[in-house]
Amino acid sequence: MATKLKGRDLLCLKDFSKEEILEIISFGDKLKMDSMVGKQEHYLEGKSVAMIFQKASTRTRVSFEVAAFELGAHALYLNANDMQLHRGETISDTAHVLSRYVAGIVARVFAHQDLVDLAANSDSPIINALSDLSHPCQILGDLMTIREKKGPLKGLRLAYVGDGNNVANSLLLGAARVGMNIAIASPKGFEPREDIVKTATEIAKQSDSSVLVTNDPLVSVQDVDVVYTDVWASMGQEAEHEERVKVMRPFSLTADLMGHAKNDAIVLHCLPAHRGEEITDEVMDGPQSVVFDQAENRLHIQKAVLALLLG
Ligand code: CP
Ligand code: NVA
């Protein structure tokens, strides 16, 4: 097993090289194949992993918990509201204490800065399970899925249509690192963060690929291999839902819009989906959709992340 990844925090994909990202994905592929033949190596025998969640989760929580179990480790689900954090204990004190107990901390937070503070004060690796800024574990699984369906990632074309949110930010960085060409179409005022677009553009230059941010969904999906979307109001933005639906309606992933992508293009969505908003039933349940294979791969990739970083 590689040693470069051992002990590292996973906060943002920009901190990982193309080789490291591909190593995680390839290890995910191996673990997936192992599990298909009933093989289960206990890379984390006897270790414990803390999982702090400030927000709801189905896939991330369950995939990490099952991953830890299948690797021989014990996962502790910690709802942040039930912790002393909720009564004012600081993030840094929490990190100091937890890292004396566990081999790694998986955390889903509102403010990305909480992850940075956890990492600065923990001797055990911190793994970003989604923040307001990014969702790197999701994108690692997505790259695994895209490679599984489409072959080598370099040179593939991907469009993300909708809100320029945490998932879009990580997709920009991940795609640029592995040399995919990425186009993001968001309404004015809902584009991904400028600093992320700038970083992704610089990374893309090194990878000989491209980054495009546009306000025109048709431009983004033209002849692409992969079309990706996500909810229009992320967790914590529920109050803006109605207003966002009005602005984002033209960015809905419909069969019409899919008609502009390649005929064999695949459809990804990190889920949960708001059917009838960012994606129609027809597209989500249609032959080009791979959203449930994508969700399954969260398990295999989470195993790879845990084994490589904490093993
Ligand atoms: N895609 C994803 O992270 O889903 P959950 O919010 O259910 O974890
Ligand atoms: N952008 C969504 C992703 C959920 C997995 C959110 O943050 O709610």
Side-chain angles (χ1 to χ4, degrees), residues 10-13 28 49 51-68 75 77-80 105-115 127-146 160-174 184-187 190-193 196 226-245 247-248 251-253 267-275 277-279 284 289-306:
L10 170 45
L11 300 196
C12 179
L13 288 180
V49 181
M51 309 201 311
I52 305 174
F53 278 73
Q54 294 180 357
K55 298 176 178 175
S57 172
T58 297
R59 280 143 290 268
T60 308
R61 174 188 172 175
V62 176
S63 61
F64 266 114
E65 204 162 324
V66 172
Y77 172 75
L78 304 166
N79 182 326
I105 301 171
V106 173
R108 170 167 285 195
V109 300
F110 282 97
H112 189 81
Q113 185 60 39
D114 282 359
L115 293 173
I127 296 170
N128 177 357
L130 181 146
S131 71
D132 57 346
L133 181 66
S134 56
H135 197 4
C137 290
Q138 175 70 50
I139 274 47
L140 288 171
D142 299 340
L143 294 175
M144 176 180 167
T145 306
I146 295 168
Y160 172 96
V161 186
D163 185 27
N165 60 16
N166 44 9
V167 168
N169 288 339
S170 289
L171 205 49
L172 273 166
L173 296 169
I184 306 260
S186 307
F190 295 90
E191 297 94 344
R193 266 174 49 158
I196 304 269
V226 184
V227 185
Y228 199 125
T229 190
D230 184 20
V231 291
W232 291 338
S234 285
M235 289 181 275
Q237 298 173 332
E238 288 78 5
E240 299 168 28
H241 181 247
E242 228 174 290
E243 174 209 335
R244 282 170 167 265
V245 169
V247 183
M248 308 234 190
F251 293 76
S252 186
L253 188 50
V267 172
L268 270 72
H269 189 312
C270 60
L271 307 181
H274 281 197
R275 287 166 175 264
E277 291 185 9
E278 76 276 2
I279 190 165
M284 174 113 166
S289 169
V290 299
V291 299
F292 298 119
D293 293 339
Q294 178 188 5
E296 177 192 329
N297 282 342
R298 292 295 304 281
L299 170 62
H300 308 298
I301 210 75
Q302 262 46 128
K303 267 191 194 169
V305 164
L306 288 175

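Just so you know, ligand 1 is whichever comes first in the structure, and atom 1 is the first atom listed for that ligand. Side-chain atoms are counted along with the backbone in the values below, which use heavy atoms only and exclude waters and symmetry mates. Heads up: numbering here begins at 1 and tracks the sequence.
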Proximal atoms of ligand 1 relative to T58 (non-hydrogen, under 4.0 Å): 5 (P), 7 (O), 8 (O)
Under 4.0 Å to a heavy atom of L271 - the qualifying atoms of ligand 2, by number: 5 (C)
Sub-4.0 Å heavy-atom contact, K55 with ligand 1: no
N166 and H112, any side-chain heavy atoms less than 4.5 Å apart: no
Contacting atoms of ligand 1, where contact means under 4.0 angstrom from a heavy atom of R108: 3 (O), 5 (P), 6 (O), 8 (O)
Atoms in ligand 1 with a heavy atom of Q138 nearer than 4.0 Å: 1 (N), 2 (C), 3 (O)
Region of L130 engaging ligand 2 - heavy atom pairs below 4.0 Å: side chain
contact_flag L130 ligand 1 heavy-atom lt 4.0 Å: no
Contact check: H135 vs ligand 2, nitrogen or oxygen atoms, below 3.5 angstrom: no
Note, H135 side chain near T60 side chain (heavy atom, < 4.5 Å): yes
Closest protein heavy atom (residue, atom, distance) for atom 8 (O) of ligand 2: M235 N, 2.8 Å
Identity and separation of the nearest protein heavy atom to atom 7 (O) of ligand 2: N166 ND2, 2.8 Å
H241 and H274 aromatic ring geometry - parallel, tilted or perpendicular at 30°/60° bounds: perpendicular
Within-cut-off N or O pair, K55 and ligand 2, under 3.5 Å: no
